[in-house]
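Here the structure comes first, spelled out in structure tokens, and everything after it is commentary.
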Amino acid sequence: MAHDHGSHGAGAHDHSHGAGHMHGSTDKKRVLIAACLTAGFMVAETLGGLITGSLALLADAGHMLADAIALGLAWYAYHLTGRPATGRLTYGFARVKTLVAYTNGVTIFVIALWIVYEAWGRLMHPAPVLGGPMLVVAAAGLLVNIAAFFVLHGGDRESLNMRGAILHVLGDLLGSAAAIAAALIILATGWTPIDPILSVLVALLILSTAWSLMREAAHVLLEGVPASLDRDLIARDLEAAVKGVREVHHMHVWSLDGISNMATLHACLNDGVDPHVAVSAIKKRLAMKHGIDHATVEPEFGLCADGHHEHGHHHDHAHDAPPDRRHYH
């Protein structure tokens, strides 16, 4: 039985180092600029929150502190991604970006819950808030966050790492807008409970978005089938479209980083079919029709080396992932 890995070498890697490398380089710079802007203003906003007594400012400053750290991690993830694969890390460091995106989502959850906790205490025991200075600091923060948002907005929107970075800055932007609204209401009416109330609204908004990011990043880390693909339909398509392929089984489809899709599969071929020609056709079909540029295909005749049974019908091996990982590389 042959185990063909050959034809995905140049094609798949050239693809990932082409447009993907360009995106990674510019995205890395964008994230670094946003991290510097966020960290710089975080200090000013912390001082402003302490002086004015505003929870909205302190909450946004706390959010910006976590965001500065998260953006720094996102920048480091891009830095690691550029490193070549090693004998121990054969896929390289591309998945670090997804891990950082998941960590960012968890961090936002913790911050949002802290804001809600603090807001409840402020509602039970209202504290004086200096509306004028609060308005000045919040307005300056809004300008900084808008600048950071537009720096990141031009990046690769398909990257989970970039989306996580944008989510952090968007949360800061909403926090600054809420602080401005609270300051204006306090100046106009003197009603200080609006400060913690608007802080909670911002926390609830970013919680829902953070959950979406965490769920998608977790799906990638668990090597789930990408949302745009259907493993069973792809297998049936290969059986129908590729000449000489009688059956496709032991098929697994996943994404390395939310962008690059991969697959492994066994292809049972009809007698007399050239396995090299068949494997090349399968790889071409996967790349052109389904956007899977990196595939490991094991051609078979008769018995399956893993299952020790004849192929006369379809086999769903959705739970055979660990043994099948012998074919990854």
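- With Ser199 contributing its side chain and Asp195 its backbone, the two residues share a donor-acceptor pair below 3.5 Å.
- Of all the heavy atoms in Val106 and Met214, the pair that sits closest is N-SD, 3.7 Å.
- Here the side chains of Ile51 and Pro133 are not in contact, with every heavy-atom distance at 4.5 Å or above.
- Rounded to the nearest 0.5 angstrom, Leu123 CG and Ile194 CD1 are separated by 10.0 Å.
- Within the 4.5 Å cutoff, side-chain heavy atoms of Phe41 are placed close to those of Val137.
- At least one side-chain heavy atom of Ile234 sits under 4.5 Å from a side-chain heavy atom of Met251.
- Val169 and Phe109 fall into different hydrophobic clusters, where Ile, Leu, Val, Met, Phe, Trp and Tyr side chains are chained together by heavy-atom contacts under 4.5 Å.
- Between Cys304 and His266, the closest side-chain pair of non-hydrogen atoms falls below 4.5 Å.
- A distance of 12.0 Å separates CG of Leu204 from CG of Leu174, quoted to the nearest 0.5 Å.
- Within the 4.5 Å cutoff, side-chain heavy atoms of Arg95 are placed close to those of Leu221.
- Minimum interatomic distance between Val129 and Ser54 (heavy atoms only, all atoms of both residues): CG1-CB, 4.0 Å.
- When all heavy atoms are compared, the tightest approach of Met134 to Ala179 is CE-O, 3.3 Å.
- Between Asp237 and Arg285 there is a salt bridge, since a side-chain N of the basic residue sits under 4.0 Å from a carboxylate O of the acidic one.
- Contact record, Leu269 with Pro275: CD1-CA, 3.8 Å, taken as the closest heavy-atom pair.
- With hydrogens and angles disregarded, no donor-acceptor distance shorter than 3.5 Å links the side chain of His252 to the backbone of Met262.
- There is a path of hydrophobic side-chain contacts, each under 4.5 Å, that joins Val245 to Phe301.
- Under a hydrophobic-cluster definition in which Ile, Leu, Val, Met, Phe, Trp and Tyr are linked whenever side-chain heavy atoms come within less than 4.5 Å, directly or via other members, Ile185 and Leu57 are assigned to the same cluster.
- Taking CD1 from Ile146 and CG from Leu142, the interatomic distance works out to 4.0 Å, rounded to the nearest 0.5 Å.
- Leu152 and Tyr76 end up in the same hydrophobic cluster when Ile, Leu, Val, Met, Phe, Trp and Tyr side chains are linked at under 4.5 Å.
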Report the C-alpha separation of Val225 and Asp230 in whole Å, then their side-chain angles, then the decisive distance to 0.1 Å, and conclude whether the side chain to side chain contact (heavy atoms under 4.5 Å, CB included) test is met.
CA-CA 7 Å; Val225 177; Asp230 185 312; over 6 Å; no
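- Within 6.0 Å of CZ on Phe93 lie more than 12 heavy atoms contributed by other residues, nucleotides or ligands.
- Contact detail for Val151 and Arg30: the closest heavy-atom pair is O-NH1, 2.7 Å.
- At distances below 3.5 Å, not a single donor-acceptor pair connects side-chain atoms of Thr52 with backbone N or O atoms of Leu130.
- A donor-acceptor contact shorter than 3.5 Å links the side chain of Asn145 to the backbone of Gly141.
- Distance CD1/Ile292 to NE2/His294: 11.5 Å, rounded to 0.5 Å.
- Using a 4.5 Å heavy-atom threshold, the side chains of Trp191 and Ile186 count as separate.
- Considering every non-hydrogen atom in both Gly132 and Leu187, the closest pair reads N-CD2, 3.5 Å.
- Looking at Leu286 and Leu238, their side chains come closer than 4.5 Å, going by heavy atoms from C-beta outward.
- Hydrophobic clustering of Ile, Leu, Val, Met, Phe, Trp and Tyr side chains at less than 4.5 Å, counting indirect connections, keeps Trp254 apart from Leu99.
- Here Glu298 contributes atom CD and Ile282 contributes atom CD1; the two are 11.5 Å apart, rounded to the nearest 0.5 Å.
- Here the CG atom belonging to Leu32 is positioned 12.5 Å from the CG atom belonging to Asp27, to the nearest 0.5 angstrom.
- A heavy-atom distance below 4.5 Å is not found between the side chains of Met124 and Arg122.
- Within 6.0 Å of CH2 on Trp211 lie no more than 12 heavy atoms contributed by other residues, nucleotides or ligands.
- Judged purely by distance below 3.5 Å, without hydrogens or angles, the side chains of His290 and Asn261 never pair a donor atom with an acceptor atom.
- Side-chain contact of Glu239 with His249: a donor-acceptor pair under 3.5 Å is absent, judged by distance alone.
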